[in-house]
Colleague: 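This is the structure I have questions about; it appears just below.
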Amino acid sequence: MILQDMSLNPPQQEAVVATEGPLLILAGAGSGKTRTLTARVAYLLEQGIRPWNILAITFTNKAAEEMRSRVRASAPEGDKVWVATFHSTCLRILRSGADRLGYGKDFSIYDTDDSRVLMRRVIKELDFDPKQFREREMLRQISAMKNKMISLAESEVTAASFREKRIARIYQEYQRRLMLANAMDFDDLLLNTVKLFEENEDILAYWRNRFRYILIDEYQDTNPAQFRFAELLAREHRNLCVVGDDDQSIYRFRGAEIRNILGFEKDFPESRVIRLEQNYRSTGHILGAANGVIAHNRSRREKTLWTSQEPGEKLIWREYEEAREEARGIARDIVKERDRFPYGDCAVLYRTNAQSRVLEEVFVAQGLPYRLIGGINFYERREVKDLLSYLRLIANPRDDVSLRRIVNVPRRGIGDSSLERVAAYSDARGLSLLEAMDQAEQIPDLKRAAGKIREFVDLISGLRMEALSLSVEALIERTLHKSGYYESLNEEDSIEAEARRENLQELVNKAADFGGEVGLEPLSQFLSEASLVADVDELESGEGKVVLMTLHSAKGLEFPKVYMAGMEQQLFPGDRVLFSGDEAELEEERRLCYVGITRAMKKLILSGAARRMVNGQFSTHLISQFVDEIPAEHIIRERQGLMMSRARYEEKRDRADYFSGFGRRESRPDYDTMGDRPFGADNFSRGFGKKAPSAPAPSPAAKEEKPLMTEFAVGDRVVSRRFGAGTLAQVEEQGQDLLLTVDFDKYGRKVLMAAYAGFTRE
DNA sequence: TCGAGAATTGTTTTT
DNA sequence: CAATTCTCGA
């Protein structure tokens, strides 16, 4: 039946039939993992397991969808199996149980942007120095604590330093405000589900009994909260099957712990381990390259992927003088080979989203169809977010962040000062903003704004009443009209406004697809689904377009032809990693490279550029060390001599007189003394300073090829791109950079940061 | 209250 | 060089 149908190899078959007890499937890249998982679910159903007793957790919604449809195809009741991401699974559990944690059923989900707005308020309210307690950094730290399941109480107890105590205070206040707004951030979805289980035996018992067979994909990227979730559910029946590959763990930065997969047998001592090492995706050369690169990592489970496929074509390395040329080279190459590899078969992968820009510009110029993944998500666009904020406020009237966003959009005369008065009133009484606004007449000093506020309250409560008997689609239309949003948007006839109208229309369409169900419940559901959509989820095959995306987004995907662009030292691996000297970080970058290489089925082209604009400045880069780590027999270096390799750079550097032009650097070989170096115009000015390691840092880019500013002194003549020529009036150190006061010939006195101003000598 | 221009800041990767 | 925040005049 299933086993014959799916033509599985022996270890895959084993993985399918080992239904009872904990099971770890170590599935190398392209080893038929999805097929095996699907077969396993189908097999469980065939054995008489009820579909609602199975929980399958995937990494993306797209993967969930794919798995659901495949299971449906091979088992009659397949579509009743619960297949979802961790976040949506938790969400569904929380919708039915959040009241036990003190949340209302219609809680909002805050995305990164909403969280930032909230955090800004928290820091302001606590009156902490926003320079010392930056919102981004605070959110990062709090997120890290949440992922590690460090509770508020714990964070307060363990806080040793003054700073840590303050961070704990921020954590507390942030959480209090979330609660007050009846909102959860992404991390809360996981954390609160675990909390719900731990504090409510009956609820845990219910879900334990419900999910008797649990599968988790991409297990190498789970964090402690996710581990706890799985462990709680599986503790009794032990039917936990996890699938993953330690070599593809790339989400450490968001709390993933590789030890979850490395230590699975310790967590579940009676577990079985099955290895899938035959790769069905890539040709021999691609696989050889991948194996060669990943072999440089020390902390990993030893394994070697093999393939019975032909060696195929060797990888190609191409280097360029400048990033734009690299982009052109890629575009040209795609067009040239379009008969063999149609556009839809190609993907261009890169390390950072910023790199997509040049590629996009070139693709647009050449009329090459592409699909960009990442950057700004559809649901994060301004007008879409505005409308969603209205809807969120209608569904959850306590949602202060959403209220703040739209209270004056379109303009209705409720400005900052009025809002601050309302906020003061609500803070003092523990009310939400909308509740406080409903008492506008009692709020001191509001005067003329009071009437406008009353109108706003009526608008929202009116829409909330209507929502009870409207579908989501109809509610959106009503909201756009009643709020005046449509009107104000229609007044504008710019291209931009047109694009916004189109986006809103698209949102209406999505709501229509969602179904015609009426009331607040489907509304909440629509909103939460919107918050949990990732950009990759929207990727459709068969569009016939080249896909542009980060290496992270590419995880789990495959393409006949792959370009890895920007293979440059300091970009990939990034300079943060290089300067920190942290081996674990470097290994994570290498895994990312491994993920990239193994996306390719037939052809892989790597490229890099000697110079590229980084932060508004040209910086010079060497060839990525990862390129050198690819065994020579698997790669052809087609375009060469335009970039320097690390080896060549070191050789040159060792010649004694090489640095004569580098100012004081020669006399100060220790980078950790460079915090007070006398210059800051090149890209040494970032990443150095306090955290620099005492070990000699890997060599930064060769600098002799560009005009190099060695020192700034008062009286020097300099030229800025923006303001032209001028004379230095004052030089002052600020943090890791220099603050320059310049008297420009044409523009007068300006104060500029050296690293960003892009100075050259006159 | 609001908008425009000035000033200030900043870099991975994402659910 | 952006993108975002701040300041000031109306």
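The sequence lines fix the lettering, A, B, ..., with proteins before strands; numbering per chain opens at 1.
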Colleague: Rounding to the closest angstrom, what is the interatomic distance between C:dC6 and B:dT11 at atom P?
Modeller: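 15 Å, rounded to whole Å.
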Colleague: Are OP1 or OP2 of B:dG10 and a side-chain N or O of A:R136 less than 4.0 angstrom apart?
Modeller: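 A:R136 to B:dG10 OP1/OP2: no side-chain N or O under 4.0 Å.
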Colleague: Any side-chain N or O of A:R134 below 4.0 angstrom from OP1/OP2 of B:dT9?
Modeller: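 For B:dT9, neither OP1 nor OP2 has a side-chain N or O of A:R134 closer than 4.0 Å.
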Colleague: Is the gap between the ring centers of A:F229 and A:F227 under 6.0 Å?
Modeller: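 A:F229 vs A:F227: aromatic centres not under 6.0 Å.
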Colleague: When the P atoms of B:dT13 and C:dT4 are compared, how many Å lie between them, rounded to an integer?
Modeller: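 It works out to 14 Å between them.
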Colleague: Check for me whether A:R254 meets the cation-pi criterion with A:F186, that is, NZ or CZ under 6.0 Å from the six-membered ring centre and within 45 degrees of the ring axis.
Modeller: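 No; the conditions do not both hold, so A:R254 does not lie above the ring face of A:F186.
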Colleague: Nearest whole angstrom, please: distance from the P of B:dT11 to the CD of A:E135.
Modeller: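 Spelled out: CD on A:E135 to P on B:dT11 is 10 Å.
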Colleague: Which is true for A:T85 with a 4.0 Å heavy-atom rule: it touches a base, it touches only sugar-phosphate, or it touches nothing?
Modeller: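 Nothing, no nucleic acid heavy atom in range.
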Colleague: Nearest nucleotide by nearest heavy atom, which residue falls closer to the 5' end of DNA chain B, A:D535 or A:R421?
Modeller: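 Of the two residues, A:R421 wins.
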Colleague: Roughly, in whole Å, what's the span from CD in A:E538 to C1' in B:dT14?
Modeller: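 Distance, rounded to whole Å: 15 Å.
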Colleague: Give a yes/no answer on whether the side chain of A:S531 brings an N or O atom under 4.0 Å of OP1 or OP2 in B:dT15.
Modeller: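 Negative; the distance criterion is not met.
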Colleague: Could you check which of B:dT15, B:dT9, C:dA3 has an atom nearest any side-chain atom of A:R357?
Modeller: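 Taking heavy atoms from C-beta onward, the closest nucleotide is C:dA3.
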Colleague: Looking at A:N353, does any N or O in its side chain come under 4.0 Å of the phosphate oxygens OP1/OP2 on B:dT13?
Modeller: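 The answer is yes; a side-chain N or O of A:N353 sits under 4.0 Å from OP1 or OP2.
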Colleague: From CZ of A:R252 over to C1' of B:dT15, roughly how many Å is that when rounded to an integer?
Modeller: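 Nearest whole value for this atom pair: 19 Å.
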Colleague: Base, sugar-phosphate, or nothing for A:Y251, non-hydrogen atoms under 4.0 angstrom?
Modeller: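 Sugar-phosphate, no base atom in range.
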Colleague: For a quick check of understanding: with a heavy-atom distance under 4.0 Å over all strands, which category does A:G413 fall into, base, sugar-phosphate or nothing?
Modeller: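 Contact class for A:G413: sugar-phosphate only.
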Colleague: Is it the case that the base of B:dT13 and the side chain of A:R351 share a donor-acceptor contact (distance under 3.5 Å, atom types as modelled)?
Modeller: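 When only heavy-atom distances are counted, A:R351 does reach the base of B:dT13 through a donor-acceptor pair under 3.5 Å.
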Colleague: Can you check the A:R412 CZ to B:dC2 C1' distance for me, whole Å?
Modeller: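 Rounded to the whole Å, the gap is 16 Å.
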Colleague: Just the rounded figure in Å: distance from C1' of B:dC2 to CG of A:N408.
Modeller: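 Checked: the CG to C1' distance equals 9 Å.
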Colleague: Could you tell me how far apart A:L578 (CG) and B:dT11 (P) are, to the nearest whole angstrom?
Modeller: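 Distance check: A:L578 CG to B:dT11 P gives 19 Å.
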Colleague: Please confirm whether the backbone N or O of A:A323 pairs with a side-chain atom of A:R612, one donor and one acceptor, at under 3.5 Å?
Modeller: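 Side chain of A:R612 to backbone of A:A323: no pair is present.
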Colleague: To the nearest angstrom, how far is A:K146 atom NZ from B:dT14 atom P?
Modeller: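 Checked: the NZ to P distance equals 20 Å.
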Colleague: Looking at A:F59 versus A:Y219, is the centre-to-centre ring distance below 6.0 Å?
Modeller: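 No.
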Colleague: So, A:D399 and A:R392, do they make that salt bridge, N to O below 4.0 Å?
Modeller: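 Between A:R392 and A:D399 there is a salt bridge, with a charged N closer than 4.0 Å to a carboxylate O.
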Colleague: Looking only at side-chain N and O atoms, does A:K131 come under 4.0 Å of OP1 or OP2 in B:dT9?
Modeller: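 Result: yes.
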Colleague: Verify the stacking flag for A:F253 against B:dT12: centroid separation must be under 5.5 angstrom and the ring planes must differ by under 30 degrees.
Modeller: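 So no, this residue does not stack on that base, at least one cut-off failing.
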Colleague: Counting just side-chain N and O atoms, does A:T550 come under 4.0 Å of either OP1 or OP2 of B:dT14?
Modeller: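 Looking at the OP1 and OP2 atoms of B:dT14, one of them is under 4.0 Å from a side-chain N or O of A:T550.
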Colleague: Is A:R576 close enough to B:dT13 that one of its side-chain N or O atoms is under 4.0 Å from OP1 or OP2 there?
Modeller: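 Answer no for this pair, as no side-chain N or O of A:R576 is under 4.0 Å from OP1 or OP2.
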Colleague: Under 4.0 Å, counting only non-hydrogen atoms across every strand here, what does A:R140 touch: a base, just sugar-phosphate, or nothing?
Modeller: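 No contact.
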Colleague: With rounding to whole Å, what would you report as the distance between B:dT12 and C:dT5 at their C1' atoms?
Modeller: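 The answer is 23 Å between these two C1' atoms.
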Colleague: Over how many whole Å does the gap from A:D575 atom CG to B:dT13 atom P extend?
Modeller: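 For the pair A:D575 CG and B:dT13 P, the rounded distance is 13 Å.
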Colleague: So that I know where these two stand, are A:F253 and A:H552 an aromatic pair - ring centroids less than 6.0 Å apart?
Modeller: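 Between A:F253 and A:H552, the centre distance is under 6.0 Å.
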